[in-house]
J.: 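Take this structure first; my questions come after.
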Amino acid sequence: GGTIEVELLGENNPGRSFIGVAFHIQDDETFEAVYFRPFNFVATEQIRRDHMVQYIHHPEYTWSKLREERTGQFENEIPSAPDPGDWFKATIVVSQKHVEVYVEDSSEPVLKVERLSSINRGKIGLWVGNGSSGRFRNLVLE
């Protein structure tokens, strides 16, 4: 377990900006990750707002499998979502059983999920999806 804190900069580019952090990386195919869809930070449709932040465990639990089989359990809206074209801070707290995600200085997690893996070791990486661009700064591991 531990805490990952990082500032991220994605884009307000629907379907083309996915940015986050992977952890417990075993290889290119096997890892857990928390990522954001900044373009949904300003979405007006509730269904898109519900998809602002996501937890996944590849290769078994992709976003599409989780959305289809366990709708709404591993993604969530961010109250007072940041500007999608500006830097924002994410804090990811990983324990034996849970992952909690905080955005900016939120006192309550914007996402709290039961982990889909029991692996507790591996690498940490900066993660972008679907050919997205992304910038990262001020990475702190505790």
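The figures here come from the full heavy-atom set of this structure, side chains too, leaving out hydrogens, waters and symmetry mates.
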J.: As an exercise, state the distance from CD of Glu75 to CE of Met52, rounded to the nearest 0.5 Å.
T.: 11.5 Å
J.: Quick one about Asn120 and Gln96 (side-chain donor to acceptor, distance below 3.5 Å, no hydrogens or angles considered), yes or no?
T.: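 Checked: Gln96/Asn120 side chains pair up, N/O donor to acceptor below 3.5 Å.
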J.: With distance as the sole test, does Arg49 use its side chain to make a donor-acceptor pair with the main-chain N or O of Ala43 at under 3.5 Å?
T.: yes
J.: I need the single residue from Phe88, Phe136, Trp127 that forms a ring-ring contact (aromatic ring centres under 6.0 Å, His included) with Phe36. Which is it?
T.: Phe88
J.: Do Asn76 side-chain atoms and Val110 backbone N/O form a donor-acceptor pair below 3.5 Å?
T.: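 Confirmed, Asn76 side chain pairs with Val110 backbone.
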J.: In Å, rounded to the nearest 0.5 Å, how long is the span from OH of Tyr61 to CD of Glu69?
T.: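 It is 8.0 Å, given to the nearest 0.5 Å.
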J.: Which residues pass the salt bridge (charged side-chain N to carboxylate O under 4.0 Å, His left out) test with Glu11, not counting sequence neighbours?
T.: none
J.: Would you say Asn130's side chain and Phe18's backbone share a donor-acceptor pair under 3.5 angstrom?
T.: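 Not at all, since once roles are kept as given, no pair shorter than 3.5 Å links the two residues.
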J.: Ignoring hydrogens and geometry, is there a side-chain-to-backbone donor-acceptor pair from Ser132 to Arg16 under 3.5 Å?
T.: yes
J.: To the nearest 0.5 Å, what is the distance between CG on Asn40 and CG on Asn12?
T.: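 CG of Asn12 is found 9.0 Å from CG of Asn40.
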J.: Can you tell me how far the CD1 atom of Ile78 sits from the CG atom of Asp50, to the nearest 0.5 Å?
T.: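 The CD1 atom of Ile78 sits 11.5 Å away from the CG atom of Asp50.
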J.: Could you state whether Leu8 and Val93 fall into the same hydrophobic cluster, counting links through intermediate Ile, Leu, Val, Met, Phe, Trp or Tyr residues with side-chain heavy atoms under 4.5 angstrom apart?
T.: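 As far as the 4.5 Å side-chain criterion goes, Val93 and Leu8 are not connected within one cluster.
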J.: Please step through side-chain contact (heavy atoms from CB on, under 4.5 Å) for the pair Asn13 and Phe39, ending with a clear verdict.
T.: CA-CA 6 Å; Asn13 188 355; Phe39 54 90; 5.6 Å; no
J.: More than 12 foreign heavy atoms under 6.0 Å from CD of Glu114: is that the case here?
T.: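 For Glu114, atom CD is not crowded (no more than 12 foreign heavy atoms under 6.0 Å).
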J.: Rounded to the nearest 0.5 Å, how far does CZ of Phe74 lie from NE2 of His57?
T.: 11.5 Å
J.: Ignoring hydrogens and angles, write down the donor-acceptor pairs under 3.5 Å from the side chains of residues 21-29, residues two or more places apart or on other chains.
T.:
unit_1: His24; atom_1: ND1; unit_2: Glu32; atom_2: OE2; d: 2.7
unit_1: His24; atom_1: ND1; unit_2: Arg115; atom_2: NH2; d: 3.2
unit_1: His24; atom_1: ND1; unit_2: Ile119; atom_2: O; d: 3.3
unit_1: Gln26; atom_1: NE2; unit_2: His24; atom_2: O; d: 3.1
unit_1: Gln26; atom_1: NE2; unit_2: Arg121; atom_2: O; d: 2.7
unit_1: Asp27; atom_1: OD1; unit_2: Glu29; atom_2: N; d: 2.8
unit_1: Asp27; atom_1: OD1; unit_2: Thr30; atom_2: N; d: 2.8
unit_1: Asp27; atom_1: OD1; unit_2: Thr30; atom_2: OG1; d: 3.3

J.: Are the side chains of Glu5 and Tyr102 in touch, meaning some heavy atoms are under 4.5 Å apart?
T.: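 Glu5 does not reach Tyr102 side chain to side chain.
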J.: Return the CD1 to OG distance between Ile56 and Ser117, rounded to the nearest 0.5 Å.
T.: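 Between atom CD1 of Ile56 and atom OG of Ser117 there are 12.5 Å.
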J.: Hey, does the side chain of Tyr55 reach the backbone of Leu116 with a donor-acceptor pair shorter than 3.5 angstrom?
T.: yes
J.: Taking Trp87 as the starting point, is it possible to reach Val6 by hopping between hydrophobic residues whose side chains are less than 4.5 Å apart?
T.: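 No, no single cluster joins them.
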J.: Set out, in order, the CA-CA distance, both residues' side-chain angles and the distance that settles side-chain contact (heavy atoms from CB on, under 4.5 Å) for Asp105 and Lys89, then state yes or no.
T.: CA-CA 8 Å; Asp105 295 314; Lys89 181 174 80 172; 3.1 Å; yes
J.: Do you know which two heavy atoms are closest between Pro38 and Pro84, and how far apart they sit?
T.: O-CB, 3.0 Å
J.: Counting neighbours of CD on Glu108 that are heavy atoms of other residues, nucleotides or ligands and sit closer than 6.0 Å, is the number greater than 12?
T.: no
J.: Same hydrophobic cluster for Val101 and Leu141, using side-chain heavy-atom links shorter than 4.5 Å among ILVMFWY?
T.: yes
J.: Assigning hydrophobic clusters by single linkage (Ile, Leu, Val, Met, Phe, Trp, Tyr; side-chain heavy-atom cutoff under 4.5 Å), is Val53 placed with Val42?
T.: no
